[in-house]
Amino acid sequence: NKLEILNLSCNNITEIESNSFMNMKKLKILHISSNDIKKINMDFFNGLCSLEKLNLNGNNISNIDVNSFCSLENLQSLDLSANKIEFINNEYFNCLCKLEELYLNQNVLKKVEDYSFKDLKQLVKLNLSDNHIELISENFFKGLDNLIYLDLSFNKVKTINVKILNCLNKLEILNLSCNNITEIES
């Protein structure tokens, strides 16, 4: 199979059967945005070893199995924006060592577990805007050594501790606008 780009956007897909993409070893870009997928199972993406860009925005995803993305060893961009994700587990992205861009904006994120991004050493862009995040813990950003762009706008952050940002040595753009920040701690 020589297929490199597959666009399944704007359909009524509610689920993807296990190993559906098994024979698409050359696929580099997969768009499944604006559908009605609610859950990402562990074996959805088996066989997509060449995939570089995955767009799942605008679905109803609220549940992600741990290690769901482990077969995507070459993934560089993952868009999970405009879904119903409430929680980020620290093992969701543990296999995505080549990921450069992660979009989690426009979800209903309340909690991002410590060390959730610890294995994303190549990540340069992280968008967490337009969620319900209140607390940014000390280990929130651990592992994001190459992060350049971070968007936390339109959340419910009340306090920001400048020390937390110290591990983000390459950060150039930080957007904390439209939060409830009342205190900046040093």
Side-chain angles (χ1 to χ4, degrees), residues 39-42 44-45 51-57 59 61-186:
K39 182 177 183 190
I40 298 176
N41 292 321
M42 194 167 73
F44 267 14
F45 306 114
L51 198 70
E52 295 174 359
K53 182 173 183 172
L54 176 59
N55 186 343
L56 289 161
N57 80 312
N59 279 283
I61 298 167
S62 60
N63 194 342
I64 302 171
D65 282 352
V66 172
N67 298 324
S68 292
F69 304 110
C70 276
S71 60
L72 305 175
E73 57 204 35
N74 288 302
L75 196 67
Q76 296 169 15
S77 178
L78 176 59
D79 190 345
L80 289 164
S81 63
N83 278 289
K84 295 182 177 175
I85 302 168
E86 291 184 29
F87 174 78
I88 296 295
N89 181 298
N90 65 12
E91 294 182 5
Y92 283 171
F93 310 118
N94 63 348
C95 300
L96 298 176
C97 59
K98 292 185 180 177
L99 196 68
E100 296 175 7
E101 298 178 351
L102 178 57
Y103 301 91
L104 290 163
N105 48 301
Q106 294 180 313
N107 276 285
V108 287
L109 279 174
K110 295 176 183 149
K111 180 167 175 46
V112 178
E113 209 170 87
D114 281 354
Y115 303 104
S116 289
F117 310 114
K118 69 185 178 307
D119 297 311
L120 303 181
K121 305 287 185 205
Q122 301 304 314
L123 199 70
V124 294
K125 185 172 188 175
L126 177 58
N127 191 336
L128 291 163
S129 68
D130 201 7
N131 278 290
H132 302 285
I133 299 169
E134 292 182 21
L135 180 66
I136 300 173
S137 68
E138 188 176 336
N139 298 309
F140 195 95
F141 303 118
K142 290 286 190 208
L144 295 176
D145 303 331
N146 288 302
L147 196 67
I148 293 171
Y149 176 93
L150 175 59
D151 192 344
L152 279 158
S153 63
F154 294 94
N155 275 287
K156 298 182 178 190
V157 178
K158 294 178 181 150
T159 304
I160 188 77
N161 187 324
V162 179
K163 288 180 200 167
I164 292 172
L165 304 174
N166 286 344
C167 64
L168 301 174
N169 296 329
K170 295 188 178 178
L171 192 67
E172 294 177 10
I173 300 167
L174 173 60
N175 189 351
L176 284 164
S177 64
C178 301
N179 274 281
N180 295 325
I181 298 173
T182 56
E183 186 177 0
I184 298 174
E185 300 174 347
S186 56

Taking it one step at a time, do Lys125 and Asp151 satisfy salt bridge (Lys or Arg N to Asp or Glu O under 4.0 Å)?
-> CA-CA 8 Å; Lys125 185 172 188 175; Asp151 192 344; over 6 Å; no
What are the two closest non-hydrogen atoms of Ser68 and Ile40, and how far apart are they?
-> OG-O, 3.3 Å
More than 12 non-hydrogen atoms from neighbouring residues, nucleotides or ligands closer than 6.0 Å to NZ on Lys118, yes or no?
-> yes
Show your working on side chain to side chain contact (heavy atoms under 4.5 Å, CB included) between Lys39 and Asp65 and close with a plain yes or no.
-> CA-CA 8 Å; Lys39 182 177 183 190; Asp65 282 352; 3.2 Å; yes
Taking the side chain from Asn83 and the backbone from Asn59, do they hold a donor-acceptor pair closer than 3.5 Å?
-> yes
Nearest-0.5 Å distance that lies between atom CG in Asn180 and atom NZ in Lys156 = 7.5 Å
Here the gap from Ser62 atom OG to Glu86 atom CD, rounded to the nearest 0.5 Å, amounts to 7.5 Å
Please report the closest heavy-atom contact between Asp119 and Phe93, naming both atoms and the distance.
-> CB-O, 4.4 Å
Rounded to the nearest 0.5 Å, what's the gap from CG on Leu176 to CD1 on Ile184? Could you check?
-> 8.5 Å
Atom pairs and distances, side-chain donor-acceptor, residues 74-81, under 3.5 Å, sequence neighbours left out:
unit_1	atom_1	unit_2	atom_2	d
Asn74	OD1	Lys98	NZ	2.8
Asn74	ND2	Cys49	O	2.6
Ser77	OG	Glu101	OE1	3.4
Asp79	OD1	Ser81	N	2.9
Asp79	OD1	Ser81	OG	2.6

Given side chain to side chain contact (heavy atoms under 4.5 Å, CB included), test Phe44 with Phe69 step by step and report yes or no.
-> CA-CA 8 Å; Phe44 267 14; Phe69 304 110; over 6 Å; no
Nearest-0.5 Å distance that lies between atom CG in Leu54 and atom CG in Leu96 = 9.5 Å
Taking it one step at a time, do Thr159 and Glu185 satisfy side chain to side chain contact (heavy atoms under 4.5 Å, CB included)?
-> CA-CA 7 Å; Thr159 304; Glu185 300 174 347; 3.3 Å; yes
Out of Asn107, Asn131, Asn63, which one pairs with Ile85 under the side chain to side chain contact (heavy atoms under 4.5 Å, CB included) rule?
-> Asn107
Would you call Asp130 and Cys178 a side-chain contact if the rule is heavy atoms closer than 4.5 Å?
-> no
Determine, stepwise, if the pair Phe117 / Leu147 fulfils side chain to side chain contact (heavy atoms under 4.5 Å, CB included).
-> CA-CA 11 Å; Phe117 310 114; Leu147 196 67; over 6 Å; no
Consider only side-chain N and O atoms of Tyr115 and Asn139, and report whether a donor and an acceptor are under 3.5 Å apart.
-> yes
Indicate yes or no for a side-chain donor-acceptor contact from Asn161 to the backbone of Glu138 under 3.5 Å, with no hydrogens or angles considered.
-> no
Between Tyr92 and Phe87, what is the ring plane arrangement, given parallel below 30°, perpendicular above 60°, and tilted in between?
-> perpendicular
Please tabulate, one pair per line, all N/O donor-acceptor pairs under 3.5 Å involving side-chain atoms of residues 162-171, not counting sequence neighbours.
unit_1	atom_1	unit_2	atom_2	d
Lys170	NZ	Asn146	OD1	2.7

Heavy-atom donor-acceptor pair, Glu113 side chain to Asn90 backbone, under 3.5 Å | yes
Just by distance, do the side chain of Asn179 and the backbone of Leu152 share a donor-acceptor pair under 3.5 Å?
-> yes
Euclidean distance, Lys111 NZ relative to Asn89 CG, rounded to 0.5 Å | 10.5 Å
Rounded distance [0.5 Å steps], CD1 in Ile133 versus CG in Leu128 | 4.5 Å
Do Ser177 side-chain atoms and Ser153 backbone N/O form a donor-acceptor pair below 3.5 Å?
-> no
